[in-house]
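All values below come from the heavy atoms of this structure, side chains included, with hydrogens, waters and symmetry mates left out. Sequence lines set the chain letters: A, B, ... in the order given, protein chains first and strands last, and positions in each chain run from 1.
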Amino acid sequence: MKKLLLFTIGFGLFAAMCLLLSNVDQWLIYTAALLSIVGFFVILNKRSTFSVPAIGLSFYFILVIISFLNGSAIHWLISGTVAAIATSDLIHFQENLQSKTTNESTKRMINQHIFVLLITLIFGWLISFLALYMEFKLPFLVILFLCITGVYSFFLLFKSMKL
Amino acid sequence: MNRKLTFLLLLSLALFLIALTSKNGRLAILAVPGLVYVFSGILLSPTQISLRAERQIHKTEHSSHGNFTQDLTLYNQGAKTLHLQIQDALFPAMQLTEGSLSQNLLLAPGESYTLTYQFHFTRGSLVWKNTHVIVSDPLYIYQQHLILPALATLTVKPAISKLRHIPLHPQKTLHLTGNIPARLAGSGTDMWGVRQYQSGDQLRRLNWRKIARNPHQLYSNEFEQEEITDIGLILNARSLGHNEEIENELLEKSIHAVASLADIFLHEGNRVGLLIFGQKLVHLFPGYGKNQLNKILFNLALVEQRPYISLNHLQFLPFRIFPAHAQIIMVSAYNANDLPAYKQLRAYGYPLMLLSPDPCSIITTSNLDFTDHLINQAANLDRQISLKSLTQLGVSVVNWPIQHPLNSVLQSSLRQFQQAKSIGSQS
């Protein structure tokens, strides 16, 4: 559990740092915003009816969008988003573990969770950076085909989830 | 659908929409890490799940009546390691005493895991049919809810207190050796009388004092024959719709009393029948031995408090399941409306004993205010008067303040009956 907590704090700090570094000129505004998120987080944490990681992540995304529209560096924002998702996931995972009793497989479960999370987010980070630098043009029909295929894939996916 | 998955998809969709409205493709890139995270969860979720569940219930060692341990074992018979959440459920009548009903675990292929918890369940029957298991990916994004069959049944019979011998004096007995005085001369332990010697009488039975007074005659002592008898136990399981808590407590005490009475009477070799009078009728024909005791306890285990039905319905009841002149023992918190039914029972010729758990005794008078205290006193008086009218009918009434042990209440009441009888016979 200590390991999880360390990773959570680490990712959280990294997410905050990325947001501040994305627009160094307006660091004071973002610091205030981040502190207010932490404040909300502390208050909400006492009321178990709210999903704290979800609300925290939503606030972070709002800050990222505002920051982006204000002309911040997108590289830092992507890294911050990745770290924020990791923080949210780890808080959620900790809540899930705390609500149930632990057993001998818990340690194995934590290790596997962190491993899969790191791989996934590194992959997500790489794809995002790839999308940032790679640009190519596609004919309209191909885009239409890809859109229809995408929508149909979503439909199949949700159907398999018994929605 | 998992909340986490819904939330992340909605967040990514919102980013795309903002990117579209602001005509800024780079903003959509910010949604990519979230989408990768979601899709990796979906891709990593297991497709072929082969799980088996088994449930075992056993009595908790070194514990009192009603404590049980449940082992719910899950076997992973598939080829992939599974992230599982077991979520077992409690029945309303159960109380969890130790352990947890939910558990997160990682189950490798061929591995098994046993979730153990302890619970308290005093009386009744429970049937488990399945258990709820959630299988998810390592990131807990995509969850599949499974209902696995895990059958188990548990019937908890009511607790029994060992009672001392209850001296009954029924008019009729069955001609089999027992320990109830049969009002007949025979081979017993209590002195019955003296008669003239008959050939075959044992010499140790000669009454030497009488012979000394009448030297030319021989006299033998006679003893009271001890036999078994027919006993009918009636349990009143009606709800009077007053106070659920008090009524439940009264019912539990009544069930405990019937179980203990059945135990002692059957142990002494008597023939015992049972009639449970609730919303539906349960009756057991008279029988002997441990088998009959098990049947009685099983039926008592299933008794539930039922809405009010007048005891006047007794006239329609199959009373002939009890043999004529069988000793009837009714266990019921007496209600004044039931008086005609008791009259009818007496008219059938059954010797009747009422063991009545006292509802007024449950209420702790120290917590009552002045008005409630008066109400409680009035209820107590009303009850005393009602019970008195039953006594006048020839019903032996045992008023049972339920804080007192049944054994001592029964013994002292029966002693009082005997004293009253001897005073009556002397006068």
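Contact annotation for Phe7(B): only side-chain heavy atoms (C-beta onward) come within less than 4.5 Å of a heavy atom of chain A. Of the atoms belonging to Leu8(B), it is side-chain heavy atoms, and not backbone ones, that fall under 4.5 Å from chain A. In this structure, no portion of Ser88(A) lies under 4.5 Å from any heavy atom of chain B.
Side-chain contact between Phe91(B) and Phe121(B): absent, with no pair of heavy atoms (C-beta onward) separated by less than 4.5 Å. Put simply, the side chain of Leu30(B) reaches to within 4.5 Å of the side chain of Leu77(A), judged on heavy atoms. Between Val135(B) and Gln143(B), the closest side-chain pair of non-hydrogen atoms is not below 4.5 Å. Side-chain contact between Gln56(B) and Thr73(B): absent, with no pair of heavy atoms (C-beta onward) separated by less than 4.5 Å. Residues Ile49(B) and Gln144(B) are in side-chain contact: their nearest non-hydrogen atoms beyond the backbone lie under 4.5 Å apart.
Contacts of residues 79-86 of chain A with chain B at a heavy-atom distance below 4.5 Å involve Thr81(A), Val82(A), Ile85(A), listed in sequence order.
Listed options Leu15(B), Leu44(B), Ile18(B) were ranked by heavy-atom pairs under 4.5 angstrom with chain A; first place goes to Leu15(B). Comparing Asp89(A), Leu126(A), Ile127(A), Ile119(A) by heavy-atom pairs within less than 4.5 Å of chain B, the highest count is held by Asp89(A). Counting heavy-atom pairs closer than 4.5 Å to chain A, the top residue among Ile29(B), Leu101(B), Leu107(B), Asp137(B) is Ile29(B).
With respect to the salt-bridge test (charged N to carboxylate O, under 4.0 angstrom), the residues Glu111(B) and Lys80(B) do not qualify.
Ring centers of Tyr140(B) and Phe93(A): under 6.0 Å apart, within the cut-off.
Between the side chain of Arg123(B) and the main chain of Leu300(B), a donor-acceptor pair closer than 3.5 Å is present.
The side-chain contact (heavy atoms from CB on, under 4.5 Å) test applied to Ser12(B) returns Ala31(B), Leu35(B), not counting sequence neighbours.
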